Amino acid sequence: MPELPEVEVTRMSFADRIAGAEVRAVHVGKPLRWPLGCAPQALVGRTVLAVRRRGKYLLLELDRGVLLIHLGMSGRLLFAPTLPAAGVHDHFELSTGRGVLRLHDPRRFGAVVFVPTLDDPMARKLLGGLGVEPLTEAFAPQSFHAQLQKRQPAIKQVLLAGDIVVGVGNIYASEALFMAGIRPTISARRLSLARCVRLHAAIREVLSRAIERGGSTLRDFSSADGQNGYFQMEAMVYGREGLECRVCHASIKCLRQGQRSTFFCPRCQKS
DNA sequence: AGATGTCCCTGGAAGC
DNA sequence: TGCTTCCAGGGACATC
């Protein structure tokens with residue numbers, strides 16, 4: 001399940017290599033989450049200028065237009081000089097002068113959408129509601145606190161919504177809340193400034209550490225250069241229901257919030 | 001408008 | 001062993 005770290009690691013693994021490449025052919029497999037938004041053939045002849053990231057979206061900037069790529073939860077990008085013939089789960093492929101970029105996505109929650117510019121309505125729909133980037137200066141403790149003050153739902157769900165801060169998915173939300181000592185069920189508006197400061201730091205810590213480790217959470221994650229240098233994350237709480245807390249040895253609990261599983265330590269994390 | 005629930009999809013695990 | 005059922009998850013969308 002790619003969260004921000006996995007998307008960023010993927011980006012870094014091929015951005016420099018694909019920059020400047022001209023598209024020579026396009027292959028489209030089964031439908032993804034949304035239609036491509038242009039005829040595949042229309043991409044031929046365009047040049048990839050850069051690969052950027054916004055939240056969990058990759059932005060493949062072309063000399064004319066942008067391809068928005070989302071990995072959904074089972075998506076994986078590969079970029080290599082050559083690749084074997086496309087299989088049943090390979091749903092989008094750009095052949096370029098520098099290699100083949102392929103989206104492999106068994107569950108097809110992913111998306112590849114062409115937009116002429118980022119002002120395009122579709123681009124605005126997908127990117128417009130996103131919160132600040134957690135690893136930039138725009139993510140500041142005071143404003144984070146001020147935003148949370150306006151939200152009634154549980155802090156875990158507010159983090160997942162992604163409209164205050166992007167990139168914190170189900171796994172890292174549980175981990176960051178553990179690191180900050182905050183119970184996932186507490187209403188966001190009830191968090192003191194001091195606790196928001198700790199949560200802010202925890203989110204940055206968890207995400208940046210995961211990026212350093214090469215995208216850590218995934219059992220099946222590999223970056224676009226095929227490095228399966230993934231680590232099974234040293235999760236403190238995620239997926240550890242019934243096991244001992246690594247800090248206090250209490251039994252880790254699991255509950256459902258908005259159809260998602262949340263893991264926490266009942267002793268380390270206070271309401 | 002804010003909060004909550006539903007759905008998309010399929011591989012793998014668990015249950016019978 | 002082979003079937004069925006359940007679960008995972010991001011996030012747009014529908015509904016209250």
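Remember, it's a predicted structure, so these values are computed and weren't measured experimentally. Computation of the quantities below employed the complete heavy-atom set of this structure, encompassing side-chain atoms and omitting hydrogens, waters and symmetry-equivalent molecules. Chain letters run A, B, ... following the sequence lines, proteins first, then strands; residues in each count from 1.
Closest contact between the side chain of A/Ser261 and the listed nucleotides B/dG11, B/dA3, C/dA8 involves C/dA8. You'll find that the side chain of A/Arg151 is closest to B/dA3, out of C/dA12, B/dA3, C/dA8. Comparing C/dG10, C/dA12, C/dA8 against the side chain of A/Arg107 picks out C/dA8 as the nearest. The side chain of A/Pro106 approaches B/dG11 more closely than any other nucleotide in the set B/dG11, C/dG10, C/dA12. Of the candidates B/dA3, B/dC9, C/dG11, C/dG11 carries the atom nearest the A/Lys56 side chain, counting heavy atoms from C-beta on. Distance from the side chain of A/Arg260 is smallest for C/dG10 among the nucleotides C/dC13, B/dT4, C/dG10.
At whole-Å resolution of the value, CZ in A/Arg108 and C1' in C/dG11 are 17 Å apart. Following rounding to the nearest Å, A/Leu4 (CG) and C/dG11 (P) show an atom-to-atom distance of 10 Å. Between the C1' atom of B/dG5 and the CZ atom of A/Arg256 lies a distance of 13 Å, rounded to the nearest Å. The interatomic distance linking A/Lys156 (NZ) with B/dA3 (P) rounds to 17 Å, in whole Å. In this entry the distance linking NZ of A/Lys150 with C1' of B/dA1 reads 14 Å, nearest Å. We find that CG of A/Asp163 is positioned 11 Å from P of C/dG11, with the value rounded to whole Å. The distance from atom CZ of A/Arg33 to atom C1' of C/dG10 is 7 Å, rounded to the nearest whole Å. Put simply, CG on A/Asp105 is 12 Å from C1' on B/dC8, counting in whole angstrom units.
The side chain of A/His70 places an N or O atom within less than 4.0 Å of a non-bridging phosphate oxygen (OP1 or OP2) of C/dG11. For A/Tyr57 and C/dA12, the shortest distance from a side-chain N or O to OP1 or OP2 is below 4.0 Å. The phosphate of B/dC9 (OP1 or OP2) has no side-chain N or O of A/Lys30 nearer than 4.0 angstrom.
A salt bridge does not link A/Lys253 to A/Glu241: none of the charged nitrogens lies less than 4.0 Å from a carboxylate oxygen.
No more than 12 heavy atoms of other residues, nucleotides or ligands sit less than 6.0 Å from atom CZ of A/Arg190.
No side-chain donor-acceptor contact under 3.5 Å links A/Arg76 to the backbone of A/His104.
Using a 4.0 Å heavy-atom criterion, one finds that A/Gln259 contacts the bases of the nucleic acid, with or without backbone contacts as well. Among the heavy atoms of the strands, none lies under 4.0 Å from A/Gly258.
Both A/Gln157 and A/Phe109 lie close to DNA chain B; mapped to their nearest nucleotides by heavy-atom distance, the more 5′-ward contact belongs to A/Gln157.
Ring planes of A/His70 and A/Tyr57: perpendicular class, angle over 60° (limits at 30 and 60°). Taking the six-membered ring for Trp and thresholds of 30 and 60 degrees, A/Phe139 and A/His200 have ring planes inclined between 30 and 60 degrees apart.
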